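Below is one structure, written out as structure tokens; comments come after it.
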Number of protein chains: 2
Amino acid sequence: MVYKIKFDQFFSYSFSMDCLIFGFSNGKIHILLVKRAMEPYGGYWAIPGDLVYPDEDLPHAAERILEELTELKNVVLRQGGVFGKPNRHPQGRVITNAYLAMVRMNETNPQPSSWVEELRWVPVDEVESLAFDHNEILTATYQRLKERFIHEPICFEMLPLKFTLNELQQLYEYAFGICIDKPNFRKRIKNLPLTELKERQENVKHRPATLYSFDWEKYKTLVKEGRFEFNMWL
Amino acid sequence: MVYKIKFDQFFSYSFSMDCLIFGFSNGKIHILLVKRAMEPYGGYWAIPGDLVYPDEDLPHAAERILEELTELKNVVLRQGGVFGKPNRHPQGRVITNAYLAMVRMNETNPQPSSWVEELRWVPVDEVESLAFDHNEILTATYQRLKERFIHEPICFEMLPLKFTLNELQQLYEYAFGICIDKPNFRKRIKNLPLTELKERQENVKHRPATLYSFDWEKYKTLVKEGRFEFNMWL
DNA sequence: AAGACTTATTGTATTTAATACTACAACTAA
DNA sequence: TTAGTTGTAGTATTAAATACAATAAGTCTT
């Protein structure tokens with residue numbers, strides 16, 4: 001075997017991990033951003049991310065880095081795309097892997113930590129110029145997220161455990177930029193494994209909506225038995 | 001900023017690219033495999049792949065490596081997943097990125113080149129033990145491919161330019177392990193932007209089937225105008 | 001306590017699409 | 001002409017999406 005370049009020279013890359021944390025609040029899908037307290041891109045807002053350790057598995061790195069920067073634990077992270085333009089990092093060849101997660105904003109209290117100076121939830125369509133190629137990473141990952149919304153019940157990971165059907169509808173309306181007829185929406189979702197709770201909204205100045213929860217156990221059972229396939233708008 | 005490990009130590013990774021080339025022939029989806037003529041895993045069958053150059057963009061690396069090993073050019077490669085278990089490569093920390101492509105097997109003539117000793121198309125459900133973690137990479141990538149079959153007309157990239165409706169049906173039947181009613185199948189696909197050709201099958205010892213082609217131009221126009229959404233079985 | 005207001009829910013009529021199945025027409029090779 | 005395989009048409013049934021109207025259920029104000 002003959003490499004055009006000596007083999008050892010190839011072990012000169014760095015590999016990083018960016019964690020895109022999405023949440024839903026006030027009818028908008030938000031992304032968690034951090035303000036960098038160091039160079040490069042000091043003072044810039046960025047997606048939380050850092051370098052992977054040499055002997056560390058990727059899922060572990062994603063969890064560790066997220067916790068180090070934001071103190072968030074027990075977040076289910078999934079792999080997204082890879083971004084590896086040779087000049088994307090000013091200090092060398094750093095290839096990065098996006099991991100994404102959905103969280104319930106009302107139960108999530110991220111705190112700036114390590115080299116993070118400040119931390120903010122920003123609606124995805126109001127994000128301005130970010131560090132590195134993070135705008136590109138965000139756009140691609142959010143696009144992927146939306147595609148998953150159609151065939152996987154992952155939106156329930158970002159809705160409160162107890163949510164109203166209007167909130168669910170708003171989430172889909174925001175994600176896909178559409179308006180949905182309310183009565184028809186509710187007919188469609190009555191097939192979903194939702195549990196209607198005995199509780200209602202509180203502290204609202206109109207008729208309180210009934211609260212629902214998503215029954216993950218029932219969902220898994222139905223899917224396993226092949227009796228159900230999640231699908232919102234083909 | 002304080003790293004737990006000196007920054008330079010992080011620039012000790014290697015990054016590789018694996019190219020999963022899928023084709024369709026005789027009713028089966030095939031994957032292109034190469035026989036390694038060198039260590040590690042000398043003599044093993046593997047997914048064609050190699051190291052990315054330090055200043056090379058990922059899509060470029062995918063095209064270059066595919067051509068170096070198989071002499072295939074002008075193949076549209078798309079990004080798949082990343083595989084980075086610390087011990088997946090015996091010679092160090094090599095993180096790899098899967099790129100995938102569909103090709104028309106009747107127009108494609110890969111030739112073993114560089115360190116490739118031999119080369120073979122293997123039906124995806126008949127692949128045996130491969131080098132490294134390539135079985136895992138194949139399984140994950142093929143799964144993703146099948147998901148894309150449902151919402152993107154990518155299957156037409158692996159069918160001959162002129163194909164019969166039976167071939168199209170067989171492709172979906174193989175991918176999803178199902179049987180489809182022929183009359184109903186044809187009713188469904190009559191919405192697709194297919195062009196019915198004046199030509200027919202030749203050298204068959206039964207009634208020759210009409211040949212069709214997929215009209216990519218029409219497809220793009222329809223999608224752009226929002227008048228069409230590709231969808232085979234929700 | 002009545003009425004204004006907002007939201008939640010039910011209902012119906014219509015259209016559209018998926019499904020299962022039957023029958024037969026077309027073409028080649030022997 | 002016949003056997004074999006492919007292609008096409010049609011129907012009856014079931015299920016789902018859509019548009020729209022109407023009513024019920026709460027909260028707040030007066």
Side-chain angles (χ1 to χ4, degrees), chain A residues 26-27 149-151 153 159-160 162-174 176-214 222 226-234, chain B residues 26-27 149-151 153 159-160 162-174 176-214 222 226-234:
Chain A
N26 287 106
F149 270 12
I150 297 175
H151 300 282
L159 282 174
K162 300 172 182 181
F163 55 86
T164 70
L165 298 186
N166 261 6
E167 285 175 317
L168 178 59
Q169 181 171 343
Q170 282 166 13
L171 176 49
Y172 274 96
E173 287 181 331
Y174 182 83
F176 298 103
I178 54 174
C179 288
I180 307 169
D181 178 86
K182 200 197 299 186
N184 290 338
F185 179 79
R186 293 175 184 230
K187 268 181 248 172
R188 292 190 68 148
I189 63 173
K190 73 170 187 289
N191 305 314
L192 302 183
L194 298 181
T195 307
E196 182 177 346
L197 304 175
K198 306 288 181 213
E199 302 170 58
R200 320 194 128 208
Q201 267 183 324
E202 282 175 18
N203 301 320
V204 289
K205 52 180 171 179
H206 51 69
R207 173 180 175 181
T210 307
L211 294 172
Y212 290 78
S213 66
F214 188 80
L222 289 173
R227 297 196 283 130
F228 179 72
E229 195 162 356
F230 188 84
N231 181 35
M232 303 290 274
W233 298 281
L234 61 255
Chain B
N26 286 107
F149 270 12
I150 297 175
H151 300 282
L159 281 174
K162 301 171 180 180
F163 55 86
T164 70
L165 299 186
N166 263 5
E167 286 175 319
L168 177 60
Q169 181 172 341
Q170 281 165 14
L171 176 48
Y172 275 96
E173 288 182 330
Y174 182 84
F176 297 103
I178 53 175
C179 286
I180 307 170
D181 178 86
K182 201 198 298 187
N184 290 338
F185 179 78
R186 291 172 187 231
K187 268 183 245 172
R188 292 190 69 149
I189 64 174
K190 72 171 187 291
N191 306 314
L192 302 183
L194 298 182
T195 307
E196 182 177 345
L197 304 174
K198 305 287 181 217
E199 301 170 60
R200 318 193 133 209
Q201 267 183 323
E202 282 173 19
N203 300 321
V204 288
K205 51 181 172 179
H206 51 69
R207 174 180 176 182
T210 307
L211 293 172
Y212 290 78
S213 67
F214 189 80
L222 288 173
R227 298 196 282 129
F228 179 72
E229 194 163 355
F230 187 84
N231 181 34
M232 303 291 272
W233 298 280
L234 66 250

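From a predicted model like this one, the values you see are computed outputs, not experimental measurements. Letters A, B, ... mirror the listed sequences (proteins, then strands); counts begin at 1.
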Closest listed nucleotide, where the reference is the side chain of Arg207(B) and the choices are dT19(C), dA25(C), dA8(C): dA25(C)
Within this structure, what is the NZ-to-C1' distance between Lys190(B) and dG10(D), rounded to whole angstrom? 12 Å
Verdict with supporting geometry, Asn231(B) and Ile150(B), side chain to side chain contact (heavy atoms under 4.5 Å, CB included): CA-CA 6 Å; Asn231(B) 181 34; Ile150(B) 297 175; 4.1 Å; yes
Measure CZ/Arg186(B) against P/dG10(D) and give the value in whole Å, please. 16 Å
Can you confirm whether Pro183(A) sits close enough to Asp181(A) that some side-chain heavy atom of one is under 4.5 Å from a side-chain heavy atom of the other? yes
Atom pair CG/CZ of Leu194(B) and Phe214(B) - distance to nearest 0.5 Å: 6.5 Å
How long is the gap from CZ on Phe185(B) to CG on Leu165(B), to the nearest 0.5 Å? 7.0 Å
Measure CD/Glu167(A) against C1'/dT7(C) and give the value in whole Å, please. 14 Å
Do any side-chain nitrogens or oxygens of Arg188(A) fall under 4.0 Å of OP1 or OP2 in dA17(D)? yes
Looking only at dA8(C), dT27(D), dT6(D), the nucleotide nearest the Pro208(A) side chain is dT27(D)
Atom CZ of Arg200(B) to atom C1' of dT5(D): distance rounded to whole Å? 13 Å
Could you give the CZ-to-P distance, from Phe185(B) to dT6(D), as a whole number of Å? 15 Å
Just compare dT19(C), dT9(C), dT6(D) and give me whichever is closest to any side-chain atom of Lys187(B). dT19(C)
Anything under 30° is parallel, anything over 60° is perpendicular, the rest tilted; go ahead and classify Phe149(A) against Phe176(A). perpendicular
Any non-hydrogen side-chain atom of Tyr172(A) less than 4.5 Å from a side-chain atom of Ile178(A)? no
Rounded to whole Å, CG of Asn191(B) lies from C1' of dA18(C) at a distance of 12 Å
Can you tell me if the side-chain N/O atoms of Thr210(A) get under 4.0 Å from OP1 or OP2 in dA25(D)? no
Whole-Å distance between dT15(C) C1' and Asn184(A) CG? 13 Å
When the distance from OH of Tyr212(B) to C1' of dT8(D) is rounded to whole Å, what number comes out? 10 Å
Roughly how far apart are Leu211(B) CG and Lys198(B) NZ, rounded to 0.5 Å? 12.5 Å
With a 4.0 Å heavy-atom cut-off, tell me which residues in residues 176-183 of chain A come close to DNA chain C, sorted by residue number. Lys182(A), Pro183(A)
Can you figure out which of dT7(C), dG26(D), dT9(C) approaches the side chain of Asn166(A) most closely? dT7(C)
